[in-house]
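Data block below; observations after.
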Amino acid sequence: MTRIAVGTEKGAYLFEGSARDWQVSGPVFPGWKVTSFGEAPDGTHLAAVGSNWFGVGIQRSPDFDRWEQTDTPPTWPEASGRKMEQVWTFHTDGDRVWAGVADAGLFTSDDGGVNWTSVEGLNDHRTREHWQPGFGGLCAHRIFTSGERQWVAISAVGVFRSEDEGSSWDPKNDGVDAVGVPEDAPRPEVGYCVHCLAQDPANPDRIWRQDHSGVYRTYDGGDNWERIETGLPANFGFVMWRDDSSARLFTIPLEADANRVPVDGRLRVYASDDDGDSWNVAGGGWSQSPQFTGVLRGAFDGDDEGTFCFGTTGGKLWLTVDNGESWDELPPTVPRIGAVRLIP
Amino acid sequence: MLGHAIKAELDVEVEGSTVRDALADLFEKEPGLRSHLVDEQGEIRPHVSVFVDGVQGSLGTTVGHRASIRILHAVSGGSLARRSAGYVQHRSDLAPIDS
């Protein structure tokens, strides 16, 4: 039995089943956008919800059935002039939960997501006045931690790295093209539209990056990036995932920023087994009819045991249980999917 | 829509001589509602409306004894018929209020 939590524009759904037999329950939080799932250090499930009218909320559940909203979600101070528009991601490391939000910033919680503290070293960064939003807003959407080192990806600002547990941060985008900046213009310090990151936990200096401007990797923690696009039909997209057990990388190319659907409607996951040197279509089972739909950065998840799933903006869920060799489109259709989480 | 943010009932009895005071008391009783109803600057969210005894008000509106305060979110788009239905289905009655 596989259980998948699916966050959509209109509530969360729980998929349970195997093969072609799937049951769907929901929506939980009807009418609310469910933007991210996470897990507190004690195993409590976390869900971030948002509403165009009512702002954001953090929900906690012991079982994905009974949910309770916390009283104090991440909030910007009045003097900041910022708006808390969305919680984009959770990241748990030890006893601490991190949240990446829009307007872009980081918050931490040491009580399982109940109370949150602003990471001021990043949130009040000296470059902040130059931060500009991408099409999806000004959002911090990926967080990695390794001891005293942290990385955060902010669209459309770039990757920042901290060496001192988040007290100070430096932009790390050398080698990445800045969107909209002429080649002969001086490189800006910020303005890099990172879409997604994946990291090798055994060697955190190895990071792969799906950017607005292409697909990149770094082997030195972000000091230098190089393009890795051989075999991809397009270098635009929002997904970058690494299966740590097999070292296999996954991405889902979309045609371009102006046309965010698969090239010719050929929705395919691409995989790399050589750290990004080359890419190929991952396995089979793909629809032979055109699928003009997108896949967003939070809508891919895996369990490091060969099961991976992703959701589309068309509300369909795709699943593989054999490390990407064969894929199935699950029968149910839900609203536009923005977040997916395999439940252990 | 706010049902999952409320620990007790949709109808809450609060005290206060203005909407601002009444909301402050409401947030004491239901702290999870604060971030949903007011923004970072302490203002009522742009698409949230407050009605005092059926008349749209603001934070400074005076609230009389046993006044009824209703907090609704705006609904836009769609046909008039659907808009009306959505208004009924999704309204958030938090009201009322003996002040």
Side-chain angles (χ1 to χ4, degrees), chain A residues 7 9-12 26-35 45-61 64-87 99 101-105 107 113-116 118 123 138, chain B residues 1-10 12 14 19-20 23-51 56 58-59 69-78 82-95:
Chain A
E9 286 284 311
K10 296 294 181 184
V28 184
F29 322 121
W32 287 73
K33 182 189 292 187
V34 179
T35 57
H45 300 292
L46 303 175
V49 302
S51 154
N52 292 337
W53 302 284
F54 296 127
V56 307
I58 303 292
Q59 297 279 342
R60 289 165 38 90
S61 171
F64 256 97
D65 181 32
R66 297 163 293 158
W67 291 90
E68 183 172 358
Q69 180 179 282
T70 68
D71 290 338
T72 52
T75 303
W76 290 116
E78 180 178 348
S80 71
R82 300 168 199 151
K83 299 289 187 185
M84 186 59 65
E85 297 175 342
Q86 181 170 317
V87 176
V101 305
D103 285 349
F107 289 77
V114 177
N115 293 287
W116 296 88
S118 172
N123 298 343
L138 180 59
Chain B
M1 285 184 68
L2 287 175
H4 69 262
I6 301 170
K7 291 181 169 56
E9 303 294 331
L10 288 175
V12 182
V14 299
V19 169
R20 187 187 310 277
L23 286 179
D25 193 35
L26 173 66
F27 297 152
E28 288 290 320
K29 295 179 168 66
E30 295 285 353
L33 287 176
R34 179 188 300 274
S35 64
H36 291 320
L37 299 183
V38 299
D39 64 17
E40 288 81 351
Q41 281 66 49
E43 301 296 327
I44 294 174
R45 287 188 174 276
H47 300 294
V48 173
S49 295
V50 175
F51 293 84
Q56 188 163 11
S58 64
L59 288 175
I69 301 176
R70 290 193 170 214
I71 302 170
L72 305 174
H73 71 68
V75 174
S76 58
R82 295 186 67 179
R83 182 182 305 174
S84 176
Y87 192 85
V88 172
Q89 291 170 359
H90 294 155
R91 70 182 184 181
S92 311
D93 291 330
L94 295 176

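Keep in mind it's a predicted model, so treat the numbers as computed, not measured. Order of the sequence lines sets the chain letters (A, B, ...), proteins ahead of strands, with each chain counted from 1.
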Gap separating the CG atom of B/Asp39 from the CZ atom of A/Arg82, nearest 0.5 angstrom: 15.0 Å
Nearest heavy atoms of B/Ser35 and A/Val56, plus distance in Å: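 B/Ser35 and A/Val56 have their closest heavy atoms at OG-O, 3.8 Å.
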Minimal non-hydrogen separation, A/Trp53 against B/His47, with atom names: CD1-CB, 3.1 Å
Chain B contacts, top residue of A/Lys83, A/Glu68, A/Gln59 (heavy-atom pairs, under 4.5 Å):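 Of A/Lys83, A/Glu68, A/Gln59, A/Lys83 has the most heavy-atom pairs under 4.5 Å with chain B.
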Contacts of type side-chain contact (heavy atoms from CB on, under 4.5 Å), residue A/Val28, not counting sequence neighbours: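 A/Val28: side-chain contact (heavy atoms from CB on, under 4.5 Å) contacts with A/Ala12, A/Trp67.
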Per-residue contact mode, A/Ser51 against chain B (heavy atom under 4.5 angstrom):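 Contact with chain B involves the side chain of A/Ser51 alone.
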Test item: A/Met84 and B/Glu40 side chains (from C-beta on) under 4.5 Å apart, heavy atoms: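 Of all side-chain heavy-atom pairs linking B/Glu40 with A/Met84, at least one is under 4.5 Å.
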Geometric class of the A/Phe54/B/His73 ring pair [parallel <30°, tilted 30-60°, perpendicular >60°]: perpendicular
Residues which pass ring pair (Phe, Tyr, Trp, His ring centres under 6.0 Å) with A/Phe107, listed by chain and number, not counting sequence neighbours: A/Trp76
Within 6.0 Å of CD in B/Glu28, more than 12 heavy atoms from elsewhere: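 No, because the 6.0 Å sphere around CD of B/Glu28 holds 12 heavy atoms or fewer from other groups.
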